[in-house]
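As a basis for the values below, the full set of heavy atoms in this structure was taken, side chains included, without hydrogen atoms, waters or symmetry mates. Chain letters run A, B, ... following the sequence lines, proteins first, then strands; residues in each count from 1.
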Amino acid sequence: MKVEDFEFPEDRLYLKNHVWVKHHRDRIMIGLTELGQSLSKEIVHIDLPDVGDVIPKDDFLIAYETIKAVSQISLPFECTVVSVNDRLWDDPNIINSDPYNICMVEVRGDCDERDLMTAEAACAYYGGLIAKERERYAGY
Amino acid sequence: MKLAASYGDIRLMAPDDAAVSFFKSPFAAHETGSAVDIAYGDFGSPASSPVDGVIMDIREFETPTPFRDRNFKEYLTAIRCGRLIVRILHVKPDLGIGDRVRTGEYFGTFIRSGYFYFWNFSHMHVEVRMPDDYLRATSDMPLDLPVGVVRRDFLRGVDRGSDIFDFTGDVVDSCKRYALVDCPDYSTDGHFNGYSVGGFLLDGFIHTRDHALHRFGLVGKCRDAPPFDCFRSIGNSFMVHSSSVSLGVFDRENRPLDVAGASFILFFDKPLIKLVPTGYGEHLPQCGDVVSVQIKRYKE
């Protein structure tokens, strides 16, 4: 499913902070959407949790910085970190090349899917956000 | 050239016709007072180096974009000044690594990148950094602001102690991106000129609706407490939650005008207030119109 040419695959769910969430066996995979990576190009620094960390609900799980901006990823549920994509330490920009096949971390937690958006709902939500972002570029 | 800001013995200089801002930008380094935006010229026009030094790194990179098929280039220039690095964004450098630059001399041209709003002036973003940490967005190396005691504001028709600060003036420039208001009731500390409230110069964007920026700055040396609820102080500056004030813009007949907000920055020359439309090309007052920009303090 697409909105303004940005993909939102239907095999996963979405949060309002540019994060996709995908259940895989007893784990939950976390990654950045295609739109999210487009709004976060050239990541120069990333802070990842350690395996075993327990992250409270809405606390930051991952933080990353570009040359000008800081972004943080949090989840609407408490989680325990099960695995971390170590490739991100050497090159956080692998997210930009393949956002839906690069999992940043895997967690376990009690995820209420009512807090998440389907691809259809995500397209509706992010369509509005894209329109608002594009207003900045009017006249360019 | 005039002093925009400093860090230790590193002096960041700007042309005499420049304006500066420490807190108008929503980006990370401005949260800690660690960056200054120096505005002058126009997009594509020459930019002067704010320091003496040697260019030790130039990075070309892509900025955030909400377009799948449009990319925007940006440039980081790192200038070694003694033990420290001066990092500059929003200028396409016309020199190379190893080249020496001198204060006030041409080193590139202003660009507009994906970090800009349509209503931004051309400007360079300048910070001082450690040599091993000049790429990341965050910085906790606050600059020294050369702001002194601000002449007490004399507000037309408003008593001191009032909850409303009123700046009334003529629109002197109006286009699809912004309108500029010349209000004669401005203040100075002898170095910067601007618009003051309670003895502090305003530095920031105060919005009338949802915006990414939820704070603005007050700068100056003053014995009195700032007139608004502040959540952080850094040297001679204070940061204010935008929610602690409301902004209204009115025409000569006191009818409200629908704008996105007003931008206040510090000028070496005559200061102006920038009114931002609700969208590019949306209605703004025209040249010759009289407008009143009012900042009202919310009372608990």
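There is no contact between B:H30 and chain A, counting heavy-atom distances below 4.5 Å. For A:E34, the part lying near chain B is the side chain, with the backbone staying farther off; criterion is any non-hydrogen pair under 4.5 Å. If you measure heavy-atom distances from B:T138 to chain A, the contacts under 4.5 Å come from both the backbone and the side chain. Contacts of B:R87 with chain A are made by side-chain atoms alone, with heavy-atom separations under 4.5 Å and no backbone atom involved. For B:Y134, no part lies near chain A; criterion is any non-hydrogen pair under 4.5 Å. Looking at B:F67, both its backbone and its side chain come within 4.5 Å of chain A, counting heavy atoms on both sides. Only the side chain of B:N71 comes within contact range of chain A, with heavy atoms under 4.5 Å apart. Contact of B:A29 with chain A is not made at all, since no heavy-atom distance falls under 4.5 Å.
Of the possible polar contacts, none joining the B:R68 side chain to the A:F6 backbone as a donor-acceptor pair under 3.5 Å is found. One N or O on the side chain of A:R136 and one on the backbone of B:F116 form a donor-acceptor pair closer than 3.5 Å.
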What's the verdict on side chain to side chain contact (heavy atoms under 4.5 Å, CB included) for A:H45 and B:L135, showing C-alpha distance, side-chain angles and the deciding distance? CA-CA 9 Å; A:H45 178 85; B:L135 290 181; over 6 Å; no
Are A:Y137 and B:Y117 close enough, and set up right, to give a ring-ring contact (aromatic ring centres under 6.0 Å, His included), and what steps lead you there? CA-CA 7 Å; A:Y137 299 81; B:Y117 292 92; 8.9 Å; no
How far apart are the C-alpha atoms of A:L39 and B:T65, what are their side-chain angles, what is the distance that settles it, and do they pass the side chain to side chain contact (heavy atoms under 4.5 Å, CB included) test? CA-CA 5 Å; A:L39 296 175; B:T65 173; 5.9 Å; no
Worked verdict on B:E74 versus A:K68 for side chain to side chain contact (heavy atoms under 4.5 Å, CB included): CA-CA 10 Å; B:E74 179 59 89; A:K68 194 119 194 252; over 6 Å; no
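The number of heavy atoms from other shown groups lying within 6.0 Å of CG (A:D110) does not exceed 12. In this structure, A:Q72 places its CD atom where more than 12 heavy-atom neighbours from other residues, nucleotides or ligands lie under 6.0 Å away. Counting heavy atoms of neighbouring residues, nucleotides and ligands inside a 6.0 Å radius, atom NZ of B:K73 exceeds 12 of them.
For the pair A:S40 and B:P64, the tightest heavy-atom approach, listed with the atom from each and the gap, is N-CB, 4.5 Å. Annotation for B:P66 and A:I130: closest pair O-CG2, 3.8 Å, computed over non-hydrogen atoms. Here the closest non-hydrogen pair linking B:F118 and A:A138 is CB-O, 3.4 Å.
Taking CD of B:E62 as the start and OG of A:S38 as the end, the distance is 9.0 Å to the nearest 0.5 Å. With rounding to the nearest 0.5 angstrom, the CD1 atom of A:I67 is 6.5 Å from the OH atom of B:Y115.
Chain B forms more heavy-atom pairs under 4.5 Å with one residue of A:E42, A:E4, A:R134, A:Q37 than with any other, namely A:R134. For the options B:G114, B:G279, B:A35, heavy-atom pairs under 4.5 Å to chain A are most numerous at B:G114.
Within residues 81-108 of chain A, no residue approaches chain B closer than 4.5 Å by heavy atoms.
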